[in-house]
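These notes concern the structure reproduced below.
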Amino acid sequence: MIGEANPAIGSAEEETSLRRTPSQKRSRERVEHILSRAIRLIEEKGSDAMRMSDVAAMAGISIGSLYQYFPDKAAIVRTLAERYNAACRDCIAAEFAKVTTPAELRSAFSALFDTYYDMFLAEPVMRDIWSAMQADKALRKIELAESRLNGRLLADTWMRVVPEAPREKIEDAAFLMMHLGDCTMRLAVSVDRSEGDRIVKAYEHMILREFVADAA
């Protein structure tokens with residue numbers, strides 16, 4: 001569970017959802033404190049039921065102070081989404097950096113997806129935020145941009161180990177794989193665990209057979 005600020009979702013390079021980017025240490029610490037309280041509230045009641053006044057009260061600050069950093073609740077949720085995305089992207093990049101063969105790429109992709117699934121199951125805040133993406137236009141844009149970034153990581157690795165493969169085809173396939181992976185994850189965590197496990201394995205089998213195995 002995520003309670004206090006989690007080092008795994010440390011500050012992203014750009015806090016695009018913040019009203020202002022804090023430059024002083026005290027302000028940065030206040031932002032982290034606000035986000036840690038928001039995470040706790042989302043764990044307890046979900047982002048739909050969370051109110052800005054609840055966040056301010058739990059953080060021990062005035063509502064005016066809260067609005068200095070976050071213009072609304074959606075900005076808090078988007079900031080958390082950006083941070084989870086950055087943490088996942090770093091994990092993907094680190095795993096792909098070790099890949100030297102097509103077989104290692106298949107293994108790395110499968111292991112990453114299993115890890116991602118375990119994270120979704122373990123973190124109610126992640127599940128809540130990814131569910132909220134379907135109702136928030138800004139979050140859908142973030143999701144699409146993230147799929148492109150992760151797809152680029154996969155395509156670059158794919159081309160490194162299979163340099164003769166057609167670049168455009170690989171880029172399209174990698175983008176699709178990453179975006180469908182997120183869709184698969186949301187479906188898997190919305191059904192009972194046994195069915196979710198089967199859905200995840202079916203996705204991995206389909207992807208590895210039709211895309212990565214084909215490129216190899």
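Fair warning: this is a prediction, and the values are worked out from it, not measured in the lab.
- With respect to Asp197 and Arg193, a salt bridge is recorded, a charged nitrogen being found less than 4.0 Å from a carboxylate O.
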What do the steps show when you test Arg51 against Lys73 for side-chain contact (heavy atoms from CB on, under 4.5 Å), and what is the final call? CA-CA 7 Å; Arg51 299 180 301 174; Lys73 179 177 73 173; over 6 Å; no
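- Looking at Glu104 and Arg160, no side-chain N of the basic residue comes within less than 4.0 Å of a carboxylate O on the acidic one, giving no salt bridge.
- Ser107 and Ser110 are not linked by any side-chain donor-acceptor pair at a separation below 3.5 angstrom, with hydrogens and angles left out of the test.
- In this structure, Ser65 and Arg30 have side chains that are in contact, with non-hydrogen atoms separated by less than 4.5 Å.
- A salt bridge is defined here as a Lys NZ or Arg NE, NH1 or NH2 lying under 4.0 Å from an Asp or Glu carboxylate O, and Asp54 with Arg37 fails to meet this definition.
- Between Gly196 and Tyr117, the shortest heavy-atom contact is C-OH, 3.3 Å.
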Intermediate values then yes/no, side-chain contact (heavy atoms from CB on, under 4.5 Å), Thr184 and Leu187: CA-CA 5 Å; Thr184 299; Leu187 177 61; 5.7 Å; no
Check the pair Arg83, Glu32 against salt bridge (charged side-chain N to carboxylate O under 4.0 Å, His left out), reporting the backbone distance first and the verdict last. CA-CA 12 Å; Arg83 290 185 170 205; Glu32 299 308 317; 2.8 Å; yes
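- Between Glu171 and Arg152 there is no salt bridge, since none of the side-chain N atoms of the basic residue sits less than 4.0 Å from a carboxylate O of the acidic one.
- Residues Gly151 and Ala174 approach most closely at O-CB, 3.3 Å, considering heavy atoms.
- Transitive grouping of hydrophobic side chains (ILVMFWY, heavy atoms separated by less than 4.5 Å) brings Met177 and Val99 into a common cluster.
- The distance from atom CZ of Phe113 to atom CD1 of Ile92, rounded to the nearest 0.5 Å, is 10.5 Å.
- Using a 4.0 Å cut-off between charged side-chain N and carboxylate O, Arg167 and Asp156 make a salt bridge.
- To the nearest 0.5 Å, the span separating CD1 on Ile129 from CZ on Phe120 amounts to 9.5 Å.
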Apply salt bridge (charged side-chain N to carboxylate O under 4.0 Å, His left out) to residues Glu204 and Lys201 and explain how you reach the verdict. CA-CA 5 Å; Glu204 290 181 16; Lys201 290 304 177 185; 3.7 Å; yes
Which is it for Leu80 and Ile42 under the side-chain contact (heavy atoms from CB on, under 4.5 Å) test, yes or no, and what are the steps along the way? CA-CA 11 Å; Leu80 291 174; Ile42 294 173; 3.8 Å; yes
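- If you chain together hydrophobic residues whose side chains sit under 4.5 Å apart, Met119 and Leu149 never meet in one group.
- Put simply, CZ on Arg40 and CE on Met50 are 14.0 Å apart, with the number rounded to the nearest 0.5 Å.
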Stepwise, does the side-chain contact (heavy atoms from CB on, under 4.5 Å) test hold for Glu146 with Tyr84? CA-CA 11 Å; Glu146 193 64 21; Tyr84 281 120; over 6 Å; no
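- For the residue pair Tyr67 and Asp72, no side-chain donor N or O sits within less than 3.5 Å of a side-chain acceptor on the partner.
- Separation of atoms CD1 (Ile39) and CE (Met126) is listed at 11.5 Å; rounding is to 0.5 Å.
- Grouping the Ile, Leu, Val, Met, Phe, Trp and Tyr side chains by contacts below 4.5 angstrom, directly or via other members, places Leu112 apart from Ile199.
- When side chains are defined from C-beta on, Phe175 does not count as touching Asn150, because their heavy atoms never get closer than 4.5 Å.
- Scanning all heavy atoms of the two residues, the minimum distance from Ala59 to His33 falls at O-NE2, 3.0 Å.
- Taking all atoms of both residues into account, the shortest heavy-atom contact from Met178 to Leu154 is CE-CB, 4.0 Å.
- Met206 and Leu208 fall within the same hydrophobic cluster, where Ile, Leu, Val, Met, Phe, Trp and Tyr residues are linked whenever their side-chain heavy atoms come under 4.5 Å apart, directly or through other members.
- Remark: the backbone N or O of Glu143 is paired with a side-chain donor or acceptor of Ser147 at under 3.5 angstrom.
- Shortest non-hydrogen contact noted between Met52 and Phe70 is CE-O, 3.5 Å.
- Using a 4.5 Å heavy-atom threshold, the side chains of Arg106 and Pro102 count as touching.
- Taking each heavy atom of Ile76 and Ala38 in turn, the nearest pair found is CG2-CB, 3.7 Å.
- In this structure the side chain of Glu95 never reaches within 4.5 angstrom of the side chain of Phe109, judged on heavy atoms.
- Val191 and Val200 are members of different hydrophobic clusters when ILVMFWY side chains are connected at heavy-atom separations under 4.5 Å.
- Here CD1 of Ile170 is found 11.5 Å from OG1 of Thr157. Values are rounded to the nearest 0.5 Å.
- Between Ser47 atom OG and Leu139 atom CG the span is 9.0 Å, to the nearest 0.5 Å.
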